[in-house]
Structures are given as C-alpha cells and as structure tokens.
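A, B, ... follow the sequence lines: proteins, then strands. Residue 1 opens every chain. Heavy atoms only: backbone and side chains are in, while hydrogens, waters and symmetry mates are out.
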Amino acid sequence: MHKQEIMPKAYEPTAVEDKWYQTWVDRGYFHGNQNSEKQPYSIVIPPPNITGILTMGHVLNNTLQDILIRWRRMQGYEACWFPGTDHAGIATESRVEKHLRETEQVGREELGREEFIRRVHEWREQYGGTIIRQLRRIGSACDWERTRFTMDEGLSNAVRKVFVDLYHKGYIYRGQRMINWCPAARTALSDEEVVYREIDGKFYHYKYPLSDGSGSLVIATTRPETMLGDTAVAVHPDDERYRHMVGKTVDLPLTDRKIPIIADVHADPEKGTGCVKITPAHDPNDFEVGQRHNLELIDIMNPDASLNAKAGREFAGLDRVAAREKVVEKLEELGLIVKIEKIKHAVGFSERGNVPIETMVSSQWFCNMKELAKPAIEAVRNSSVKFYPDRWAKTYFYWMENIQDWCISRQIWWGHRIPAWYNDITGEVYVGIAEPNSPGPWRRDEDVLDTWFSSWLWPFSVMGWPEQTPEFKYFYPTSDLVTGPDIIFFWVARMIMAGCEFTGEIPFRNVYFTSIIRDEQGRKLSKSLGNSPDPIDVIDTYGADALRFSIIYIAPVGMDIRYSNDKCELGRNFANKLWNACRYRKLQGGVSEGFRDLAGIDIARLTSDEKWIISWINEAIVMTNSALEEFRFHYAVHEIYELVWSNFCDWFLEASKVRMRQGGEAKVQALLVIDFVLFKILRLLHPFMPFVTEELAHVMGFLGEDQSIMNESYPKPIKDIAIPSIMEIEPDLLDQVEAKFQLVRAGRALKANYNIPDNKKVYFYIKAVNADMATFFNNENESLRVLLNASEVTISLDDFDVSTMGVAPSQIANAGTIYLPLRGLVDLKEERRKLNRQKKELLGWIKGSQAKLNNEKFLSKAPQDVINAAREHLRELQHRFARTEESLTMLNSADDSN
RNA sequence: GGGCGGUUAGCUCAGUUGGCUAGAGCACUUGGUUUACACCCAAGGUGUCGGGGGUUCAAGUCCCUCACUGCCCACCA
C-alpha cells in the first residue's frame, strides 16, 4: 500500500489475509531451521484425519498453537510447527467405501485389497488435503515443507520397527481373548473406541425348565438372543434359594442342549432373580466364569452381528435385533416369559460405526502396556511433562495405573499392515521389518494396525525417527502440545509412553488441553444436529483475525466454550478499532523517527499522559508475556483488549487531540509517542491477530516492504531495555493522571444528569483538593477542556462562589469537586436530595471503615499495607463527606437568598 | 458406583497465594453526524457471588455439607 493513500474507514480482511499468507509462505518465514544457533521451540500438530474438514474445534486448537509459535519466534526462538495428517483407518475406509458405492456401485470386496487401497490413495489425493488448505485460512504458521502423513514411507518404517521391537521384547503378542467387535466396520476395537450410552431397553425375565422336571429357574437378561450360546446358569454359592439345584441341569429352551447349574460368585443374589445365564462367548464376565468352570464357548455370531448356524437353523442369518424378537416370541409361545420390564442401561457403542458393539472371543494382536506405562507415569508425576490445567493429570494417572492390554489389530485394509508372516506348514511365525527371506510358503497377516499405533509415534516419526536426523536432534523433544482432553488416552498418554520407550525422552514438556466447543445451548457441535458452523464462512464474514480473537476472548479457562457466530463481532470490532486508531494517526502525517525506542527523546519532557500510557503498555507487556507462559491465552487477550480500547483509544488518543491542535514540537513529540506505543501494540497483538497487525505495521510505515512483523521482536518490559521504568520514577504523576480522568468522568456525568446534549460546550468550575492538584489541573487545562467538551474550565483552590455564579450541581472526585454552573436551571430540591443521599451513603461507609480500624484484632493481625490502605480509604471518604456537606451548605445559602 | 468440573448482572463469562465499594462483553435506556472509528463516543440500571454451616480481624476466594447441572471412567445380567 502506498503511503499517500487514505486508509479505508473500515478494515477489510479478505484481501489482506490472502496477500500476507502468501507472502509469508513464499518467503519461507514458517520454516524452522534445524541448524540454527537459537534455542529450539517446536510443536507437532495433532494430525487431523484426512477425511476431516475444518471445525470450530480445529480453529481453537490451531489458533492456540499458532499463537505459541508466533510468540516464541518473536521472542527469539527457532520455532517450528510440524504439520501433517492422519490416515484414520476405520474412518477413511468407511468413508471411501461409501464414496465408491455411491459413485461406482462397488464395494471393497469386489475390488480386492490391492485395488481398494489404490482407490483410497486416489481419494486421498483428491479430498485428503482439504483440512490442510483450510488451516491456512486461519493463518497457521506451519512449516509446510515438513508436512507428513502417517502412512508416508518414513513413518511406516517407524511403525514397523516399533512393532518388531515390542514383539521381541514380549510386549506384543497374539492371543485369543475377549474383544470389542464393531459389526459395522467388522473389526476388533480397543476399549477406548467403545463409548457407553444410556439407552432404553427391556429387561426380560423368563424360565429355564429343570431337566429333571422338578421345576424351573427364572433368569433375567437384556439380551435374550444370546441364550442360544448359553452353556450354564449360575447362582451364588451362598444363595439358599438355589443351593439345592447346583449340579443339576436345565433344558435350554429353543435348543436341544442341557446346560449345568453352577455356583459362582459372579451371580449376585440381589440382582434380577439371582440366577444369571452364562454366555462365555459373548460376555466378558461370562467368559471368565466359563474359564473358571471349564465351560464350552459357543460363538453364535457372524462378523456383522447376525446369528450363525450354531444359533440353530431357525435363527441363523437373522440380525441380532430380529433374533431377539424371534427368541422372545418363541419363548412366549412356550409360556416361559415371566415378565418384561422397561429399563435404562448403558450399552457400548462403536465410536466410529455408531452401532452397539459386540463383545466376543477372537484371535487378535495385543500390546501389554504395563511396563510402558511406568516411566510415563513417572514423567508426569515428576513434572517432566506438565499438564495445563493440571487436574487432567489425575485422569491420566487413573487410566495409566489401571492400564489394560491394547488390542492393536484391525480387520480392515487401510492402514499399516501387520509385519507378521505365518508358515502354514511349519507353523512358524515370523515378525520382522521386511518379509522373511527363509524359504516359505509365507502368508502375511491380513490385519492392519490400529490408527493410533502410528499416531503415538508422531512427535518423533515426523522428524524422521528412527533415523537420527538433524531435525530430530535439534527439535526433539518438542516443547508444547495443544490438544483436546477427549484424546488424552487415545493419544497423549500413548505418546508419552512411546517417547519414553523408543527415544528415551519425553515427547513434549507441556500439554495444554483446550476447551470443548459447544453451541449456545451447550450442546456438542455435530453434523447431525446441524449446529456446527463452518469456520470458512465465518472467516469470509468476519475475518480470520476476528474469529481467532473472539474464540479466545470467550474461551473460559479449562471449561466448555459456548460459541455462536455473532460472538465474532467482538473480534471484528476490535480489529476495526485498531485499524481506526492507526487511521487517526496516519491522518496526522508520516511515521516518526525513533518510533522503535523513543530514541532522541528527553524522558523528562514526556507529558503526564505520555508517561501514563507508557506505563500502561509496560503493564500489558508484562501481563501478556506471563499469561502466555502459563497458557492463559484468554487472560492475555483481555489484557490487550483493555489496553487498546480503553487506555489507548478512549483516553490517550482522545487527549492527544489537544497536542495535534497545538502543532509544532508538541505535535511532533505526541506523534512519536503514539508511534512508539502503536508499534508495541501491533507486535504484542501479532500472535493473536496476525493479519491485521502485519498490514498495519506496513501501512503505518513501521516496516519496509521486505520486512515482516513476524520477524520483529516481541515486546519486553520497558524497564529491561533503554527506557527506565516511569512508574518507579513518578508514581504520583500516574495517580494524578488517573485523578484527571476520574474528574472528567464526573464532569461528563454532571452533563448527562442535567440532560445537556453531549455536543453542547459548557463551563466547568473545579475546586482542587490541594495545591499540587491545582497546579497539575492547570497544566492540564486544555486536556480537561477537550475531554469534557467544555467551553472553559476554571481551576481553583477557592470555594465555588454561589453569589456570583449561582447554584451549581457538583460531583466529587478524589482530586477535587467539579461544578457545573447552570444559572438558574438547577432543581434545588433534587440536588439537595442527591447530596443528602450521598451523605448518608458516605456516612455508612465511614462507619464501617472506622469500625474496622478500631478493631484491635484487625490492627494486630492484618498486614501493614492492608491497614495503610484502609486508613487512606477512610481519609478519602472523610474528604468526600466534608465536600458533600460543603455543597449542601452552598445549596442552603442559595435557598436562603431565594 | 467412582472421579473431575460448573453454579457470580437478563445472557455469556472474568475474578491466580483470602484484603479498598465484586468486574467485562452482549443486550437494554438516554444523549451525541466533537475533522480515527455508528464495527463509534458519552452517561446509566441491575447482583441474597446456588442453599446451609464453619475457619478468620477479613470469605466470591479456604474447609464441611446439601442441591442442581455437565463430562469422564466402571462388567452389572
């Protein structure tokens, strides 16, 4: 943009964002150099699924990472943000299958494994980059040259190496165990992929007749169809009601089998009827009971959860729900049903497939996690890895200390194929990085690994591990991780274990858990509810900076965020405010020399307002940096908002208009200070609002064409650099400035109370509280006049003279009383009422304050500064009280004269 | 059943070792085309800080308890 151009009245984000993002990428600013002399700072992105599109959750998560990356880079670190995507086994496989069925009417079986995988790669090339492109729209400063995919060659090597090593260590094994089965995806799942939902179900009570004809037992179940796989009925050993039946058999209805009545502690006499049917092949508890009693396993289900031939001819092929109905129908016909109750109970659902899972016995690969967990627990316990908020550590410990074997094999095609080969002749099993070279025939395991089995290596596999690459040596361990608490088990815990086991180091030092975004009613954002806003639309409407700023501004710490699009107005308005502050400055002339450090200015010549704003920006710098150190993004953003809008714009810039009018030296100095402050504000804000700050830094002439705010230093507290802390030199002066503003507010309130239009210039009389303040106010006379929009302001130590100026309403501030002479327009009664009310109120405060200061215990136990503050406060109250009485006396004398 | 949150203005939320009269944004009311901004400026109102008890000179903040609410974990048939 050319300097002569007048800035538009409103900030227009779209063109600015595209322009700067392209520039940053083209100039390689996002690249992290592994040969740098600087301190490294690195983050690995939680790799989004290739099936994913950008959600508000991603926006929050990636904005936070971007803030950290940009902030640390400006602080002087060699910052690198490693991006990439996850192959997302089950999600992608089902997504592509659906796509193929819709477009070509073919399923994966018809295509065959090799062809199907080829199609998935094709699909990925076409659609898999969407989310990465979208991340650019929010400004993510990812090192795109380092983009990785969890199925890239290097990452696949890492997966195979890890698998082989853990196998040889004895942690990974193949075994027949009870697992979670997803009938939709037709694969085994880990425990973490099962979510429990409370659903309405039925509790069926029905009879199993005793084989000897001596009666029957009543059992109760929510899954009657599984009875076709029952191999026993259990009662509690101490249950008197049934003790005599133990050892007998029952005729299992709908089958020709007799099954034993056994005694096992699993049967709870309190629950249901006290008798429980035992289906060892389809229930984890029953499985254990089966083991204890050496019961037969009868697997009655097909992979899609329909019943198989073992369930009997009548039921084979029926879906489990249909089978349930039919079983109940048949039992009813036989007169065996006792009752059917409605109940609510928790049912495990497949997280991805969204259907109830089945538990069944199956041969799968498992990883024993016990030993892996130990150093990972220790790492968090001794704070090598810190959690923010730290309460998540508790969740982490609980899970880690009770960690179960991880079922890692999946019966799908899209993923890392398990590097195990079987020799069907010798029965030999070979596990290795490459296929065996001893004579075969070798048959490779058909299964692939759980997606998370590659994700847990992400922090180092993205850097080329197991090769000792320069980036691995320089950037690992990474610094911070930003992710949602919903994947603490899936991902975070496992990464810590993997880091400790395979690299001998923690993978990251800090983990920041983000909030979860909900809609305004507090519901989870979801496609099916249609309450999931498209961030790209929001960016088009409000701008990326506005979205970023707003979402952090409204994000409560460690809690859910209630989001709606109109909340982005806050950020848009703020960006516009900043824009217009700059516009105002720009209309006054070109950029000042020495704007970076106030070079050449005599500190003693700074005006009180200038010292005041510099002290405030210093405060904001300190607070922002320390907030970011503790991942208190929300706090940092509020701090900057307040600084810019209130302190800088409402007070400092407004007051600066006086000096613009004065012109000459005064104006030159004022412009220099504005530039100094503005450039600090822009840098302070850059990590949060990267686009508008870059644009403004150039429009204002702070930076040349070939420079970027990205490469500027982040503001440090001013006392650390050339300019000494003004607060330390003149604390009283800053108080005086605050007192001036307080007085202005009082004067404005007077006008408003008397319904004097804001644009009408009026006369004010100020009685200062002491000579110092009077001097100060006299120096600030013009400033007061502008801020009050007054025709004239008289400052005096004398009482307001009613006889010459008439009765005037007044407001009392700490530094003085301000009068608004209205020449007869005053409602005396109302004014008196107001003052009396004030007096009463003040008296109340004074009494309370005095009581406190008369309290022996308070004086002896409270810290000295609290006592001093209380004394000071009482003095203020008494001053105010005295002045209120003064005004009342004045009113009364006016009354008398009337 | 266990664990962890939340309950502060009409709404959404700040309030970090207890310490001046508990704050912000939105919404609302009134006034304002003051040469940066109506995506703006000025002024204004609202609180039993979920209930109860306790510790303390002092509690929104710490402790106990109850209520409501959300999330996570748990094999309850």
Please tell me which of the listed nucleotides, [options], lies nearest to the side chain of [X]?
X      : options             : result
A/R562 : B/C72, B/U12, B/A77 : B/U12
A/F858 : B/C37, B/G19, B/A36 : B/G19
A/Y641 : B/G25, B/A36, B/U21 : B/G25
A/R661 : B/G19, B/C57, B/U35 : B/U35
A/V866 : B/C4, B/G19, B/G25  : B/G19
A/Q588 : B/U12, B/A36, B/C4  : B/A36
A/L877 : B/C57, B/C37, B/U21 : B/U21
A/A581 : B/A77, B/C20, B/A36 : B/A36
A/T221 : B/A77, B/C20, B/C13 : B/A77
A/E630 : B/U16, B/C20, B/C72 : B/U16

Taking the inter-plane angle between the rings of [X] and [Y] on a 0 to 90° scale, is it parallel (under 30°), tilted (30 to 60°) or perpendicular (over 60°)?
X      : Y      : answer
A/W399 : A/F489 : parallel
A/Y512 : A/F633 : perpendicular
A/H205 : A/F203 : perpendicular
A/F549 : A/F574 : parallel

**Message:** Assuming nearest nucleotide by heavy-atom distance, tell me which of A/P757 and A/I554 is located more 5' along RNA chain B.
**Reply:**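 Per heavy-atom nearest nucleotide, the more 5' residue is A/I554.
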
**Asked** A/L842 or A/R572: which one's nearest nucleotide on RNA chain B is closer to the 5' end?
**Response**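 The residue closer to the strand's 5' end, by nearest nucleotide, is A/L842.
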
Electrostatic pair [X]:[Y] at N-O distance under 4.0 angstrom:
X      : Y      : answer
A/R585 : A/D675 : yes
A/R223 : A/D283 : no
A/R320 : A/E358 : yes

**Prompt:** For every nucleotide of nucleotides 41-50 of chain B, 5' to 3': is a protein heavy atom under 4.0 Å from its base (B), only from its sugar-phosphate (S), or from neither (-)?
**Reply:** SSS-------

**Message:** Please classify the nucleic acid contact of A/F574 as base, sugar-phosphate, or nothing, using heavy-atom distances under 4.0 Å.
**Reply:** nothing

**Request:** Under 4.0 Å between any heavy atoms, over every strand shown, what does A/P284 touch: base, sugar-phosphate, or nothing? Just pick one.
**Result:**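 No contact at all - A/P284 keeps every heavy atom at 4.0 Å or more from the nucleic acid.
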
**Complete:** Base-pair string, RNA chain B, Watson-Crick plus G-U, cut-off 3.5 Å on both distances, | for inter-strand, is (((((((..((((.....[...)))).(((((.......))))).....(((((..]....))))))))))))....

[X] (side chain) donor-acceptor with [Y] (main chain) under 3.5 angstrom:
X      : Y      : result
A/K567 : A/R562 : yes
A/N402 : A/Y398 : yes
A/S783 : A/A655 : no

If I take atom [atom1] in residue [X] and atom [atom2] in nucleotide [N], what distance separates them, rounded to the nearest angstrom?
X      : N     : atom1 : atom2 : result
A/R585 : B/A36 : CZ    : P     : 13 Å
A/I403 : B/C73 : CD1   : P     : 14 Å
A/E288 : B/A77 : CD    : P     : 16 Å
A/Y396 : B/C71 : OH    : P     : 26 Å
A/D264 : B/C75 : CG    : C1'   : 13 Å
A/I487 : B/C72 : CD1   : C1'   : 15 Å
A/D286 : B/C75 : CG    : P     : 14 Å
A/D390 : B/G5  : CG    : C1'   : 13 Å

**Asked** Would the number of heavy atoms belonging to other residues, nucleotides or ligands and lying under 6.0 Å from NZ of A/K386 be above 12?
**Response**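 Atom NZ in A/K386 is not packed in, count stays at 12 or less.
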
N/O (side chain, [X]) to phosphate O (OP1/OP2, [N]) under 4.0 Å:
X      : N     : value
A/N755 : B/U30 : no
A/H345 : B/A77 : yes
A/K394 : B/C73 : no
A/K277 : B/A77 : no

**Message:** Under 3.5 Å, is there any donor-acceptor pair linking the side chain of A/N285 to the base of B/C75?
**Reply:**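 Indeed there is one.
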
